[in-house]
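Everything below concerns the one structure shown next.
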Amino acid sequence: MNFKRPRGTADILPEDQPYWGHVYDVARNVANQFGYRRIDTPIFEDTNLFERGVGNETDIVQKEMYSFEDHGGDSITLRPEGTASVCRAYIENGLHNLPQPVRMYYAAAMFRYERPQAGRVRQFHQFGVEAIGDSSPEVDAEIIELGWKYIADLGIKNVTLRINSLGDSEGREDYISDLEKYFFGVADRLPKIDRDRLNRAPLRVLDSKAKETQALADAAPKSVDYISGEAKEHWDALLVLLDSLEEIYPEFSYKVDHRLVRGLDYYNRTVFEFEPADAGSQGTLIAGGRYDPLMGILGGQETPAIGFAAGLERLILELKKQELPVNSSKGPEIVVVTLGDAGAAGAALASGLRAANVSTVLAPKRSMKAQMRYANSQNAANVVILGDREVATGVASVKSLAEGGGQSEVSLDVTSIAEHVRADGDQ
RNA sequence: GUGGGCGUAGUGUAAUGGUUAACACGCUAGGUUGUGGCCCUGGAGGCGAGGGUUCAAUUCCCUCCGCUCACCCCA
């Protein structure tokens with residue numbers, strides 16, 4: 001029986017790497033543009049961190065965590081998301097002593113035990129950003145702008161932004177109780193799955209996928225009508241900032257969606273999602289929001305914060321769906337082809353070229369035709385042909401594999417060959 | 001956890017209750033003496049596993065496993 005990769009994991013083969021390079025490169029560039037600095041946290045953490053931070057009642061904690069006991073008897077969990085870890089690191093390393101807000105990003109693997117389907121796997125990757133230590137709506141707008149810029153810089157089109165405000169804990173109780181009242185009033189028209197939800201997580205009835213429910217949800221009480229005071233001012237100010245973003249980025253637009261809620265416990269006020277217009281069922285590309293309560297929940301001092309997470313697998317799916325070009329990886333500058341007894345000389349030449357920082361690959365020791373085919377298949381720029389004759393005369397044949405490329409005789413030494421291919425490549 | 005679809009070379013497909021299971025791409029060896037792509041000719045490589053029906057199963061039936069899509073939930 002052959003070994004197979006665990007369910008929900010992927011081998012990212014060389015041919016797919018250009019896509020990954022693209023999403024990582026653009027993430028790094030965009031983060032830098034906005035002044036976000038990279039943070040890496042451990043791939044596993046104390047299980048309690050996620051139970052507390054993500055919320056004990058969430059599905060993530062209830063049934064999706066990869067948890068195990070280590071040899072010391074501690075309960076360890078492979079991280080299912082990044083925000084809790086970043087906040088833990090903020091508290092543990094005393095980052096509140098830095099000028100606030102602290103802007104950080106990460107790009108890393110996450111783990112959730114779920115049934116795989118399109119756009120969802122067990123080991124997946126997120127690019128996430130967090131702005132910690134500032135409650136102003138300008139920061140909300142900045143995070144949203146960053147998310148938008150990321151998608152735009154990737155080249156992805158037709159993405160919509162939906163946004164909502166959950167308000168603060170005060171207004172939320174009234175809201176939820178009115179919402180329950182409303183849905184209980186029409187419970188006989190809800191599918192049974194949503195009647196169950198109503199008891200379990202009333203907010204989630206709002207974003208139900210059932211058509212019958214959606215119509216009822218549209219007419220349900222809206223959370224933005226229940227927010228007041230600072231939360232209300234914050235929300236109004238944010239909408240003004242988003243309006244001005246619409247002027248700066250011609251493609252950018254947002255839609256207030258009263259049915260948008262988020263699954264994680266720690267969100268308050270602003271929540272948002274970027275989604276392709278023709279999204280599949282697991283189509284959310286980026287999701288985020290404000291999580292002012294989280295620092296306190298984790299035992300730190302109350303610190304406002306907001307962030308988002310982008311699903312890299314989903315972004316790549318969308319890049320492919322929209323058939324967007326990514327830079328394909330380049331082949332080596334030189335493939336060394338050897339004949340007869342020149343094998344050792346060829347290996348030495350290849351090493352010398354690499355030492356001189358010319359990417360060089362030795363062709364497999366086969367017939368010349370096979371070696372030439374190999375060089376071609378590797379997208380090599382040039383081949384250096386080295387047989388007994390060249391070794392004897394000290395002059396190698398260097399051939400360009402480009403369409404209509406020529407062949408030259410070049411003195412058989414690393415410097416001459418390196419100069420020759422560099423001059424050639426510069427043209 | 002629940003439900004649907006699907007398992008034939010590395011990949012994508014085809015056919016068949018009965019001889020060597022086909023095609024394309026890919027891989028590999030050649031197409032005269034030391035020159036790639038295009039073209040031509042060879043070669044290697046496969047019926048997911050187990051059980052049942054049958055004289056005979058890749059084909060029909062069952063179980064399992066795997067993949068996939070959807071629900072739940074979420075990036």
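In the text below, chain A, chain B and the rest are named by the order of the sequence lines, each starting its count at 1.
- Considering only the side chain of A/Arg262, B/rA75 comes nearest among B/rU35, B/rA75, B/rC72.
- Backbone-only contact: A/Ile193 has heavy atoms under 4.0 Å from sugar-phosphate atoms and none from a base.
- Pairing partner, B/rG46: none, since no Watson-Crick or wobble contact has both distances short of 3.5 Å.
- Looking at A/Glu333 and A/Asn382, their side chains come closer than 4.5 Å, going by heavy atoms from C-beta outward.
- Pairs engaging residues 102-114 of chain A under the salt bridge (charged side-chain N to carboxylate O under 4.0 Å, His left out) rule: A/Arg103-A/Glu142, A/Glu114-A/Arg120 [sequence neighbours left out].
- Of the side-chain N and O atoms in A/Ser367, one or more sit less than 4.0 angstrom from OP1 or OP2 of B/rG30.
- Within the 4.0 angstrom heavy-atom criterion, only backbone atoms of the sugar-phosphate kind lie near A/Ala118; the bases stay farther away.
- Between A/Lys192 atom NZ and B/rC71 atom C1' the separation is 12 Å, expressed in whole Å.
- Among the heavy atoms of the strands lying under 4.0 Å from A/Glu64 are primed sugar atoms or P, OP1, OP2 only; no base atom is included.
- Checked by atom type and distance alone, the side chain of A/Asp134 pairs as donor or acceptor with a backbone atom of A/Ser136 at under 3.5 Å.
- Taking the P atoms as reference points, B/rC60 lies 14 Å from B/rU8, given to the whole Å.
- In the set B/rA70, B/rG31, B/rG34, B/rA70 carries the atom at the smallest distance from any side-chain atom of A/Gln117.
- One N or O donor and one acceptor, one from the side chain of A/Lys399 and one from the base of B/rU35, sit under 3.5 Å apart.
- Here the side chain of A/Gln282 is nearest to one of B/rG36, B/rC74, B/rA75, namely B/rC74.
- Contact annotation: A/Arg204 does not reach the phosphate of B/rC72 (side-chain N/O to OP1 or OP2, under 4.0 Å).
- If you check every strand for non-hydrogen atoms under 4.0 Å, A/Arg200 touches sugar and phosphate atoms only.
- In this structure, the nucleotide among B/rG1, B/rC67, B/rC74 sitting nearest to the side chain of A/Arg115 is B/rG1.
- With a 3.5 Å ceiling on both atom-pair distances, B/rU32 lacks any Watson-Crick or G-U wobble partner.
- Of the candidates B/rU35, B/rA75, B/rC72, the closest approach to any side-chain atom of A/Ile385 belongs to B/rU35.
- Screening A/Trp20, A/Tyr24, A/Tyr106, A/Phe111 for a ring-ring contact (aromatic ring centres under 6.0 Å, His included) with A/His125, the sole residue that qualifies is A/Trp20.
- At whole-Å resolution of the value, CG in A/Leu13 and P in B/rG26 are 18 Å apart.
- OP1 or OP2 of B/rC67 has at least one side-chain nitrogen or oxygen of A/Arg7 nearer than 4.0 Å.
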Does the pair A/Leu238 and A/Glu138 meet the rule for a side chain to side chain contact (heavy atoms under 4.5 Å, CB included), with working shown? CA-CA 7 Å; A/Leu238 175 58; A/Glu138 281 77 7; over 6 Å; no
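- Between A/Glu313 and A/Pro6, the residue whose closest nucleotide on RNA chain B is further toward the 5' end is A/Pro6.
- With a 3.5 Å ceiling on both atom-pair distances, the Watson-Crick or G-U wobble partner of B/rC23 is B/rG12.
- Among the atoms of the strands shown, only primed sugar atoms or phosphate atoms (P, OP1, OP2) are found under 4.0 Å from some heavy atom of A/Leu285.
- Taking the P atoms as reference points, B/rA21 lies 13 Å from B/rG45, given to the whole Å.
- Between the side chain of A/Asp207 and the main chain of A/Arg259, no donor-acceptor pair closer than 3.5 Å is present.
- For A/Glu251, the CD atom counts as loosely surrounded, since its 6.0 Å shell holds 12 or fewer non-hydrogen atoms of other residues, nucleotides or ligands.
- Heavy atoms of A/Glu390 sit under 4.0 angstrom from at least one base atom.
- Here A/Arg366 lies in heavy-atom contact (under 4.0 Å) with sugar-phosphate atoms only.
- In this structure, A/Lys369 places its NZ atom 9 Å from C1' of B/rU35, rounding to the nearest Å.
- Across all strands shown, A/Gly119 has heavy atoms under 4.0 Å from base atoms, whether or not it also approaches the sugar-phosphate.
- Side-chain atoms of A/Asn376 lie closest to B/rG36 of the nucleotides B/rA75, B/rC72, B/rG36.
- Here B/rA75 presents its C1' atom at 15 Å from CG of A/Leu319, a figure rounded to the nearest Å.
- Summary of the strand contacts: A/Ala310 and A/Gln407 both lie near RNA chain B, and taking for each the nucleotide with the nearest heavy atom, the more 5' one is attributed to A/Gln407.
- Between A/Glu273 and A/Thr284, the side chains place a donor N or O and an acceptor N or O closer than 3.5 Å (distance only, hydrogens not considered).
- Considering only the side chain of A/Arg314, B/rC74 comes nearest among B/rG31, B/rC74, B/rC73.
- Applying the Watson-Crick and G-U wobble criteria (two distances, each under 3.5 Å), B/rG1 pairs with B/rC71.
- B/rC72 and B/rU54 have their C1' atoms separated by 45 Å, with the value rounded to a whole Å.
- Close placement of the A/Tyr291 and A/Tyr266 rings is indicated, their centers lying within 6.0 Å of each other.
- Across all strands shown, B/rU58 remains unpaired; no Watson-Crick or G-U wobble contact has both distances below 3.5 Å.
- Comparing B/rA57 with B/rG17, their C1' atoms sit 6 Å apart, to the nearest whole Å.
- Of the nucleotides present, B/rC6 is the one that pairs with B/rG66 by Watson-Crick or G-U wobble criteria, both distances under 3.5 Å.
- A/Phe124 qualifies as a stacking partner of the B/rA75 base, centre to centre under 5.5 Å and near-parallel within 30°.
- Between the C1' atom of B/rC72 and the CD1 atom of A/Ile60 lies a distance of 13 Å, rounded to the nearest Å.
- Taking atom C1' in both B/rU68 and B/rA56, one finds a spacing of 34 Å when rounded to whole Å.
- With both ends at atom P, the span from B/rG50 to B/rU58 equals 11 Å, rounded to whole Å.
- Taking the P atom of each, B/rG46 and B/rU63 are spaced 29 Å apart, rounded to whole Å.
- Across the protein-nucleic acid pair, A/Glu273 atom CD and B/rC73 atom C1' stand 12 Å apart, rounded to whole Å.
- Within the 4.0 angstrom heavy-atom criterion, no nucleotide atom of any strand lies near A/Gln371.
- Base contact: A/Val121 has a heavy atom under 4.0 Å from a base atom.
- For the pair A/Met368 CE and B/rG37 P, the computed distance is 12 Å after rounding to whole Å.
- Distance from the side chain of A/Arg373 is smallest to B/rG30 among B/rC74, B/rG1, B/rG30.
- Taking the P atoms as reference points, B/rC39 lies 44 Å from B/rC71, given to the whole Å.
- Listed pair A/Lys209 / B/rC72 meets the phosphate criterion, a side-chain N or O lying under 4.0 Å from OP1 or OP2.
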